[in-house]
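Here the structure is laid out as structure tokens; the discussion comes afterwards.
We're numbering straight along the sequence, starting at 1.
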Amino acid sequence: MSRDHVQSAERPAGSAEAPFLELLARGASADAYEQPVLVARAEGRPAERIAALEQAKLVALRVRSELEGRRRREAELSALFETAHDLAGLRDLDAVLQAIVQRARSLLGTDVAYLSLNDPARGDTYMRVTEGSVAARFQQLRLGMGEGLGGLVAQTARPYVTDDYFQDERFQHTRAIDNGVRDEGLVAILGVPLMLGHHVIGVLFAADRRARVFEREQIALLGSFAALAAAAIDTANLLTETRSALAGLERANEIIRDRSGVIERASDVHDRLAELVLRGGGVHDVAAAVAEVLDGKVEFTDAAATPTEALETSRAEGHAVRHRDDWIAAVAAGGELLGALVLHGHPGLDPVDQRTLERAAMVTSLLLLARRSAAEAEQRVRGELLDDLLDARDRDPRLLRERASRLHADLDATHVVLAARLDAAAADADQEADARRRLWSAASHLAATRHGLAAARDGGTVLLLPLKPGDTATALARRTARHLGTAVHEAVTVGASGPVENLAAHPDTVAAAYEEGRRCLDALGLLGRSGDGAAAEDFGFLGLLLAGDRDITGFVDRTIGQVVTYDERRGTDLLRTLDEYFACGMSPARTKDALHVHVNTVAQRLERVGRLLGDDWQSPARTLEIQLALRLHRLSARAQH
């Protein structure tokens, strides 16, 4: 047993975090975090001390995981920026491609990484660079077009991944390719296309000799390296074309001087961009640097504010395109359109300056991805805290306050719990999942700017927002509905709880308030108020039933319980008949048309209702209660499903 662990176990219960802080400070492995707990148990420490150590261990492991994630993202961005810097000062294409493959293998943690290029003259593709390969036959592979996983990537111009190469039937297997892959011992393979415009010129691969699932972030990272490799090849081709022109043209000296000046200017701007990004500059700083070099006005615009046709053409071709007197370069990453860099008032643009604008768009996409990764990490932490409050798993007020304070939230302030849901039906499961992600992202951003919390839950989103003095839950719900609807470009309905206080000491009140907000949300849907926001206070008598722990079931049972029981036992349709009867203005003739039955059938059913509910069931007071009970019955039935 180490001296540090013994000393840590002997500390008083109030310093349970100390041994774990020491482990964090020296970057210990995850296994080491069990040692202080094991030491305390071995020495027979009190249960309270062991419980405190267990809690501190969980928090420390969570912090360690977050720190490791940030270090990993920093390493990825640093490698991408270093590669972009290498590209800006391109001297040896093979060296740049080798560096790209090496960094891709290192950051993705794979056994092998390799890059293949198409050979138009021979009509096949060949291995250009490999890293981590040990099989000579694999390194010398030449593949016919359309063969193997690389052929599938080249045909579709999309990334593909296989968990088990030899069991995957999506692509054409050949003996030569399979023998090479078998010699190398590869199992899991990820391939992303190298694109010049809309043409695939090769494929960048990362592979493991064991089964492995590649995450979406890893696929996007390899795609970024592929974009840099394609840019290196494009730049090398440009240099080759320039050198060929020197040999065949009398005006070679004049051309080379002109082009050298432009290329040096492009190299200078790439160096400046790389330095700017590494210093922590923003998107608008990149635009300002490019504007200075190109001697024009450059701005970053959202996709919605950019001419659609020009933007789509730029994304499809991978080049800046001219639109009237402007040039537009799409800012995209992993197939997602993030916006555009627009150079205003520059109709005549040198090809190298055009590429400078395109490279700036690439750097901008890397910046946006980095900022998004940081924002998503904070959103997950906010969601975890709100999940703990909703599930009442962490009841230590001090720990809850500390976690909230790190997120600039104050659990001692008055809050409102809001349940938000999209109203439009999605065409398929993928679109529905995408719509929910957009709602969660918009809600998380709103919570971060308002010092609140947000989490995805029950097919929608739940928010915990502070209530300012003089504000009301209703006004907050309506503002939230408008804000989220504008952000996701769809109608968003929001139900709010009444104000809740002292959440750190009584976290179970958050769960109760969330249920109240959900009941208001369902009530808005039943009342046809989609896209609106409301709290229980807005519903009058219905609101008294929706709020808190009101006896809704008892009210429904007392009012129409005999009809509900009769339908359940006899398989009749009295409840639906009552709904349509009131909807048709209590007209039997219109009711029979709505139900598609004979008027005598309606009369018989209403007579049965009268025997069950009493002769005065159609009096104004009774009809109001019955209609309310019918709506509440539908509401409770929906909540159960």
Side-chain angles (χ1 to χ4, degrees), residues 84 87-88 156-159 192-201 220 223-224 226-235 237-238 241 262-263 265-266 269-270 273 276-277 282-369 371-372 431 434 438 486-490:
L87 174 58
T156 61
R158 293 172 56 190
V192 297
L194 275 67
M195 305 289 297
L196 280 182
H198 57 276
H199 297 293
V200 179
I201 63 169
S224 297
L228 291 173
I233 295 168
D234 187 27
T235 303
N237 290 338
L238 177 62
E241 293 170 4
V262 176
I263 291 173
R265 188 152 52 95
V269 73
H270 291 315
L273 289 176
L276 185 151
V277 172
V283 170
H284 298 291
D285 296 323
V286 173
V290 177
E292 182 179 347
V293 171
L294 298 182
D295 191 23
K297 179 183 177 183
V298 178
E299 66 173 341
F300 173 78
T301 61
D302 293 331
T306 310
T308 303
E309 184 176 353
L311 184 61
E312 289 296 337
T313 302
S314 176
R315 176 169 68 167
E317 297 181 355
H319 293 294
V321 298
R322 181 177 171 181
H323 177 73
R324 298 176 182 172
D325 289 340
D326 302 335
W327 284 85
I328 294 175
V331 175
E336 181 182 359
L337 192 57
L338 305 175
L341 279 185
V342 181
L343 173 61
H344 293 285
H346 237 298
L349 195 62
D350 183 276
V352 179
D353 283 343
Q354 180 180 338
R355 285 178 172 77
T356 296
L357 184 62
E358 293 163 2
R359 301 299 185 268
M362 183 188 302
V363 172
T364 301
S365 71
L366 295 176
L367 264 179
L368 293 174
L369 283 177
R371 301 295 163 82
R372 176 188 291 180
Q431 290 187 9
D434 181 65
R438 286 189 287 109
T486 301
V488 303
H489 305 293
E490 292 185 35

Between [X] and [Y], which heavy-atom pair has the shortest distance, and what is it?
X	Y	result
Pro193	Ala226	O-CB, 3.6 Å
Pro159	Val192	CB-CG1, 3.7 Å
Ala231	Arg359	O-NH2, 3.8 Å
Ser314	Ile328	OG-O, 3.5 Å

Please report the interatomic distance [atom1]([X]) to [atom2]([Y]), rounded to the nearest 0.5 Å.
X	Y	atom1	atom2	answer
Arg324	His344	CZ	NE2	12.5 Å
Asp234	Leu196	CG	CG	5.0 Å
Arg322	Leu343	CZ	CG	11.5 Å

Measuring only between side-chain heavy atoms, which start at C-beta, is [X] closer than 4.5 Å to [Y]?
X	Y	value
Leu357	Leu341	yes
Met195	Val200	yes
Val342	Trp327	no
Ile233	Leu194	yes

Apply side chain to side chain donor-acceptor pair (under 3.5 Å) to [X] and list each qualifying residue two or more places apart in sequence or on a separate chain.
X	answer
Arg438	Asp434, Glu490
Glu317	none
Thr306	Thr301

Expected output: side-chain Thr313 to main-chain Glu309 donor-acceptor under 3.5 Å: yes

